[in-house]
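Have a look at the structure below, then the notes.
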Amino acid sequence: MPVHNADVASIFDEVADLLDIEGANRFRVRAYRNAARTIGQLSQPVADLLAEGKDLSELPDIGDDLAGKIEEIVETGTLSLLDELEQQTAPALADLMRIPGLGPKRVRALHEALGLTSAEELKRAAEAGRVREVEGFGEKLEQTILDRLEAAGAEERRWLLATVEPVVESLVAHLEAHDAVEQIDVAGSYRRRKETVGDLDVLALSDDGPAVVAHFVEYEDVDEVVQQGDTRSSVVLRSELQVDLRVVPPASYGAALLYFTGSKAHNIRLRDRAIEDGLKLNEYGVFRAEDDDGERMAGATEEEIYDLFDLPYIVPELREDRGELDAAADGTLPDLVTRDDLRGNLHTHTTDSDGRASIEAMAEAARARGLDYLAITDHSPNVAVAQGLDADGLREQIDAIDRLNDELDGIRLLKSIEVDILKDGSLDLPDDVLERLDLRVCAIHSSFDLPEDDQTERVLRAMDNPLFNIWAHPTGRRLNERPPIALDLDRLMEAAVERGCFLELNAQPERLDLSDVYCQRAKELGLKLALGADAHWESGLDALPYGIDQARRGWLEADDVLNTRPWSEIAPLFDR
DNA sequence: GCCGTTTTCGGCCCGACTGTTTTCAGTCG
């Protein structure tokens with residue numbers, strides 16, 4: 001039973017929760033949370049690191065003690081400390097902390113006063129009016145808890161970046177219409193271009209906080225005003241998306257933008273740096289640590305704050321505490337890929353399978369978007385719902401593309417296919433027709449639930465075929481809908497490098513497959529990625545910027561993405 | 001429990017808002 005990084009992270013998180021409720025030293029609690037985060041976003045499996053004899057205490061936030069605990073988890077699948085904690089404290093109490101408004105102190109108070117151990121019991125107690133009797137609680141808090149318990153049924157929701165884009169557009173327009181507003185920025189994970197966002201963090205540049213807040217809560221789409229102060233407010237829109245607003249004056253706008261863009265981990269590292277220099281960084285600026293009302297040393301822009309710490313500007317996409325501050329200090333920040341670097345698209349469907357536009361229409365759409373080449377990659381027969389092309393159908397399409405290339409100006413069509421990797425690792429079309437193509441994109445669309453070892457073997461066998469070029473949407477995940485399939489992705493990425501294969505970064509907003517962390521891992525391994533729009537109609541090509549966002553979050557430079565190069569340069573790479 | 005140009009102890013990010021309280025604790029981001 002392989003132990004994944006997520007398993008280790010989840011055990012540490014639960015330890016942190018239970019220690020927190022027990023009232024343990026809060027820095028000890030934080031140590032477990034930090035460790036969970038470090039392990040959770042590590043690109044390489046911690047089990048592999050151990051197998052290679054690496055010293056885990058060299059990882060950030062991991063010391064000798066936690067290194068030993070990780071080893072215990074990898075070897076046994078469990079942690080004895082967690083078992084002990086679960087015997088001392090009801091494990092379900094950790095779940096109660098997920099309810100907004102309830103932290104460790106209140107959960108513990110409820111447990112001690114009323115003997116509660118579950119959300120269900122809490123609901124009954126609140127309905128019976130017993131929660132208000134507990135010291136530190138009152139009627140309002142009791143009602144809030146009931147409301148939140150109600151809402152918790154809908155569980156925490158994360159929104160696709162592409163879903164919130166139109167919301168952002170109209171909300172920003174509403175806010176900018178107010179005279180007191182000089183500038184609006186949407187910060188948070190939206191600005192970091194994370195694949196999903198939990199809420200929107202909006203920053204308004206203005207000297208009149210109350211007026212802007214009042215204007216904000218009047219936005220027509222607001223369903224509920226959660227809080228409203230002089231400089232801050234939170235609302236829930238009718239779509240259930242929460243929006244937090246902060247109003248900030250010019251002198252501290254950059255500090256606030258930095259602060260509310262996050263990530264939290266990046267900010268904490270930056271504050272640590274400030275403390276080392278005898279300074280204090282908060283959302284108002286950088287100050288000398290010793291004087292409380294001292295002069296602001298920086299704060300109007302993000303640039304001047306980084307500059308004060310002798311750092312170059314760090315773009316929001318990199319602010320995840322995955323080494324960007326060290327890279328900035330060393331002058332080794334990546335020169336990130338941009339949309340303008342893209343020369344072609346390597347994943348396109350047409351009406352020949354499940355696309356909604358003809359080859360000609362897709363070619364025109366690609367040319368209109370500044371691309372020089374476009375790989376036509378319709379499905380193979382195994383994807384029956386898509387009416388995939390069989391060998392004869394593909395031969396016809398090959399001939400049609402040859403004819404079109406003679407006619408078309410300013411765009412080159414590439415003969416390709418999105419061929420299925422069948423359950424036994426073979427490809428879904430005969431070699432003699434696949435050989436006639438410029439390149440082959442291979443993907444899994446069936447048997448998602450194989451055990452990890454079998455699934456890994458399946459892809460390895462497919463890669464052994466020299467006609468295998470690009471592995472499309474490798475994990476098959478669909479955000480909010482379908483989890484990634486069980487795979488040893490690390491091993492498969494190494495295998496791809498050895499065999500001269502490539503992986504796709506699928507740009508569809510609900511896929512974004514590979515994840516940012518695996519993009520970064522690919523770069524470390526020297527594995528080049530193909531950015532694919534997976535377009536099924538003309539505007540499907542507009543998914544490319546989301547793929548670029550993800551690539552940038554994965555530290556990729558233009559050289560790391562195959563289709564930033566002209567076709568003549570990459571064509572030989574597909575001839576293994 | 002981690003960490004170190006303040007290195008083996010004594011620190012550990014910080015301010016706004018809410019609800020409960022008469023001056024603050026808890027939670028959140």
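Chain naming here is simple, since letters A, B, ... match the order of the sequence lines and numbering starts at 1 in each. Below, all heavy atoms of this structure are taken into account, side chains as well, without hydrogens, waters or symmetry copies.
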Query raised in the report: When the C1' atoms of dC12(B) and dT7(B) are considered, how many whole Å apart are they?
Result: 15 Å
Query raised in the report: Starting at the 5' end of DNA chain B, which residue's closest nucleotide do you reach first, Leu81(A) or Gln242(A)?
Result: Leu81(A)
Query raised in the report: Roughly how far apart, to the nearest Å, are dC9(B) and dG15(B) at atom C1'?
Result: 29 Å
Query raised in the report: C1' atom, dG10(B) versus dA16(B): distance in rounded Å?
Result: 29 Å
Report summary line: Contacts of Glu220(A) meeting side chain to side chain contact (heavy atoms under 4.5 Å, CB included) (sequence neighbours excluded), chain-then-number -> none
Requested in this report: With a 4.0 Å heavy-atom cut-off, tell me which residues in residues 258-267 of chain A come close to DNA chain B, sorted by residue number.
Outcome: Tyr259(A), Lys264(A)
Under 3.5 Å between N/O atoms: give me all the protein pairs with nucleotides 7-9 of chain B, atom names plus distance.
none

Determine all donor-acceptor pairs shorter than 3.5 Å in which one atom belongs to a side chain in residues 110-138 of chain A; sequence neighbours excluded.
{"unit_1": "His111(A)", "atom_1": "ND1", "unit_2": "Leu116(A)", "atom_2": "O", "d": "2.8"}
{"unit_1": "Glu112(A)", "atom_1": "OE2", "unit_2": "Arg108(A)", "atom_2": "NE", "d": "3.3"}
{"unit_1": "Thr117(A)", "atom_1": "OG1", "unit_2": "Glu121(A)", "atom_2": "OE1", "d": "3.4"}
{"unit_1": "Thr117(A)", "atom_1": "OG1", "unit_2": "Glu121(A)", "atom_2": "OE2", "d": "3.4"}
{"unit_1": "Ser118(A)", "atom_1": "OG", "unit_2": "Glu120(A)", "atom_2": "N", "d": "3.4"}
{"unit_1": "Ser118(A)", "atom_1": "OG", "unit_2": "Glu121(A)", "atom_2": "N", "d": "3.2"}
{"unit_1": "Glu121(A)", "atom_1": "OE1", "unit_2": "Thr117(A)", "atom_2": "N", "d": "3.0"}
{"unit_1": "Arg132(A)", "atom_1": "NE", "unit_2": "Glu142(A)", "atom_2": "OE1", "d": "2.9"}
{"unit_1": "Arg132(A)", "atom_1": "NH2", "unit_2": "Glu142(A)", "atom_2": "OE1", "d": "2.8"}

Query - side-chain hydrogen bond (donor to acceptor under 3.5 Å, both in side chains) involving Arg477(A) - partner list, sequence neighbours excluded - result: Glu195(A)
Report summary line: Under a 4.0 Å heavy-atom criterion, the protein footprint on nucleotides 17-27 of chain B, written with B, S and -, is SSSS-----SS
Requested in this report: Provide the distance between the two C1' atoms, one in dC2(B) and one in dT8(B), to the nearest whole Å.
Outcome: 12 Å
Query raised in the report: Which residues satisfy the side-chain hydrogen bond (donor to acceptor under 3.5 Å, both in side chains) test with Gln44(A), sequence neighbours excluded?
Result: Glu52(A)
Query raised in the report: Quantified in whole Å, what is the P atom distance between nucleotide dG29(B) and nucleotide dT22(B)?
Result: 27 Å
Query - Closest-nucleotide 5' rank along DNA chain B - winner of Glu283(A) and Arg246(A) - result: Glu283(A)
Report summary line: Residues at least two apart in sequence or cross-chain that pass side chain to side chain contact (heavy atoms under 4.5 Å, CB included) with Val181(A), listed by chain then number, are His178(A), Ile184(A), Val212(A)
Query raised in the report: Which residue pairs pass the salt bridge (charged side-chain N to carboxylate O under 4.0 Å, His left out) test when at least one of the two sits in residues 67-77 of chain A, sequence neighbours left out?
Result: Asp65(A)-Lys69(A)
Query raised in the report: Where the side chain of Asp201(A) is concerned, which of dG1(B), dG15(B), dG29(B) is the nearest nucleotide?
Result: dG29(B)
**Report entry** Non-neighbouring partners of Asp244(A) that pass side-chain hydrogen bond (donor to acceptor under 3.5 Å, both in side chains), sequence neighbours left out
**Finding:** Ser234(A), Gln242(A)
Query raised in the report: Which part of the nucleic acid, if any, lies within reach of Asp199(A) when heavy atoms closer than 4.0 Å are counted: base, sugar-phosphate only, or nothing?
Result: nothing
Report task. Please list, chain by chain and in numerical order, all residues satisfying ring-ring contact (aromatic ring centres under 6.0 Å, His included) with Tyr259(A), sequence neighbours excluded. Result -> none
**Report entry** P gap between dC13(B) and dT18(B), integer Å
**Finding:** 26 Å
Report task. List in chain and number order the residues that pass side chain to side chain contact (heavy atoms under 4.5 Å, CB included) with Ile268(A), two or more places apart in sequence or in another chain; answer none if no residue qualifies. Result -> Lys264(A), Asp272(A)
